[in-house]
2 protein chains.
Amino acid sequence: MTYDTYMPHAPASRDEPVPRATTTVPASACRPAPLAGDLRVAVTRATRRLRLERSSDQITDTQYAALAALANRGPMTTTALAEDQHVQTPPMSRTVAALVDSGLVRRDEDPTDGRQTVLSITDAGMTEVKETRRRRNAWLAQRLAELDPADREILARATVLLERIATS
Amino acid sequence: MTYDTYMPHAPASRDEPVPRATTTVPASACRPAPLAGDLRVAVTRATRRLRLERSSDQITDTQYAALAALANRGPMTTTALAEDQHVQTPPMSRTVAALVDSGLVRRDEDPTDGRQTVLSITDAGMTEVKETRRRRNAWLAQRLAELDPADREILARATVLLERIATS
DNA sequence: ACGATGTCGTTACCCTAGGTAATGACCTAT
DNA sequence: ATAGGTCATTACCTAGGGTAACGACATCGT
């Protein structure tokens with residue numbers, strides 16, 4: 001079993017110029033308080049819009065997120081997975097149970113600690129991640145392909161910043 | 001009753017240079033397909049993280065989103081509100097009912113079409129929007145204040161792009 | 001060595017919030 | 001006038017958050 005070396009975080013370095021962009025924003029929209037409101041609404045609306053594009057999938061958003069975490073970060077316990085996803089352990093336990101029932105995740109007992117069970121993604125699970133990732137990203141990738149390359153770079157940099165904010 | 005002139009969309013104009021930023025991204029992360037995966041994960045994770053900061057609120061995420069839409073865009077029907085929020089009419093009808101029960105939204109019959117009811121935000125609703133916006137944004141605004149100004153500009157531009165994607 | 005305490009995972013149950021189906025009220029077009 | 005379309009609501013299902021409680025196991029203190 002190999003795990004994707006998926007690393008959205010890029011190393012930070014100062015004074016990188018961004019080439020050109022197709023949008024301008026007033027300086028007032030860059031102040032923390034107004035930006036917080038705009039960004040919150042935009043992220044919420046984008047999440048809802050993305051949800052529309054998962055109709056024919058066999059796996060839910062939550063299940064995919066957990067499975068992708070196992071694919072990206074390797075085996076871990078239920079509690080660690082819950083912390084990674086910022087949810088409580090009981091709901092994560094239920095999500096994991098669904099993935100185990102589907103044969104996408106395997107439970108292995110920790111030899112040194114009988115309380116813990118280590119969760120690993122199965123080959124079927126990894127196949128599902130790759131296929132689901134491709135299918136789910138299709139719509140968004142199409143929208144992104146229609147953007148100016150400079151706008152895609154804006155979003156790529158914003159992705160790093162959003163990840164940084166989400167993990168703080 | 002006055003409505004906030006809240007306009008996250010900035011007019012588009014080409015060839016605007018972005019000053020400096022504290023992050024770099026590899027060119028591969030700017031291609032549509034990889035960026036779609038990264039961006040989807042980042043937006044999903046950011047949404048979950050933001051949800052952690054609403055503990056003591058009296059109003060739910062969904063209710064606030066609907067109320068804010070009425071505050072920002074003015075009176076509209078239940079169906080129009082559902083379309084704006086990308087949900088079906090029945091769930092929106094239920095959300096509206098909760099807001100009416102709380103006295104934050106008022107139903108007015110359309111004088112020319114007995115089927116329709118026009119929803120308007122009340123003074124109490126507008127107060128609630130302003131207070132909730134301030135309270136909910138506090139955490140995010142603090143995170144944003146810690147960023148480099150150039151990074152905030154990246155996020156402000158990304159906000160416009162996300163709104164554009166969400167409404168496409 | 002053994003009991004008290006703490007931790008991991010699960011189950012049970014509540015709530016919010018998506019979805020579809022069906023219905024009633026009303027409008028519109030033939 | 002009536003048939004069909006539209007708006008809003010209600011009823012019901014499912015997913016997925018939360019807390020409480022419990023069993024199994026580990027660890028620590030005496």
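First the proteins, then the strands, lettered A, B, ... as listed; each starts at 1.
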State whether the side chain of [X] and the backbone N or O of [Y] hold a donor-acceptor pair below 3.5 Å, judged by distance alone.
X         : Y         : result
Asn72(A)  : Ala68(A)  : yes
Arg107(A) : Thr117(A) : no
Ser93(A)  : Thr89(A)  : no
Arg157(B) : Ile154(A) : no

With a cut-off of less than 4.0 Å, is there a side-chain N or O of [X] near OP1 or OP2 of [N]?
X        : N       : value
Thr79(B) : dA8(D)  : yes
Thr95(B) : dA17(C) : no
Thr78(A) : dT10(C) : yes
Thr60(A) : dA15(D) : no

Self-check item: Whole angstrom value for the distance that separates C1' of dA15(D) from OH of Tyr64(A)
Solution: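 Taking OH of Tyr64(A) and C1' of dA15(D), I get 19 Å after rounding.
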Practice problem: Look at Arg106(B) together with Asp108(B) and state whether they make a salt bridge at an N to O cut-off of under 4.0 Å. | Solution: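 Looking at Arg106(B) and Asp108(B), the cut-off is met.
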Quiz item: Which nucleotides of nucleotides 23-30 of chain C have their base under 4.0 Å from a protein heavy atom (B), which only their sugar-phosphate (S), and which neither (-), written as one string 5' to 3'?
Solution: ---BS---
Quiz item: Among Leu67(A), Thr122(A), Ile121(A), which residue meets the side chain to side chain contact (heavy atoms under 4.5 Å, CB included) test with Glu128(A)?
Solution: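 That would be Leu67(A); it is the only one of Leu67(A), Thr122(A), Ile121(A) passing the side chain to side chain contact (heavy atoms under 4.5 Å, CB included) with Glu128(A).
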Quiz prompt | Nearest-neighbour nucleotide for the Thr62(A) side chain, dA8(D), dG17(D), dG18(C) considered | solution =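 Among dA8(D), dG17(D), dG18(C), the one nearest the side chain of Thr62(A) is dG17(D).
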Quiz prompt | Nucleotide nearest Gln116(A) when distance is taken to its side chain, options dC8(C), dG19(C), dA12(C) | solution =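 Looking only at heavy atoms from C-beta outward on Gln116(A), the closest nucleotide is dC8(C).
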Quiz item: Below 3.5 Å, does any donor atom in the side chain of Arg94(A) face an acceptor in the base of dG17(D), or the other way round?
Solution: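 Counting by modelled atom types and ignoring angles, a donor-acceptor contact under 3.5 Å is found here.
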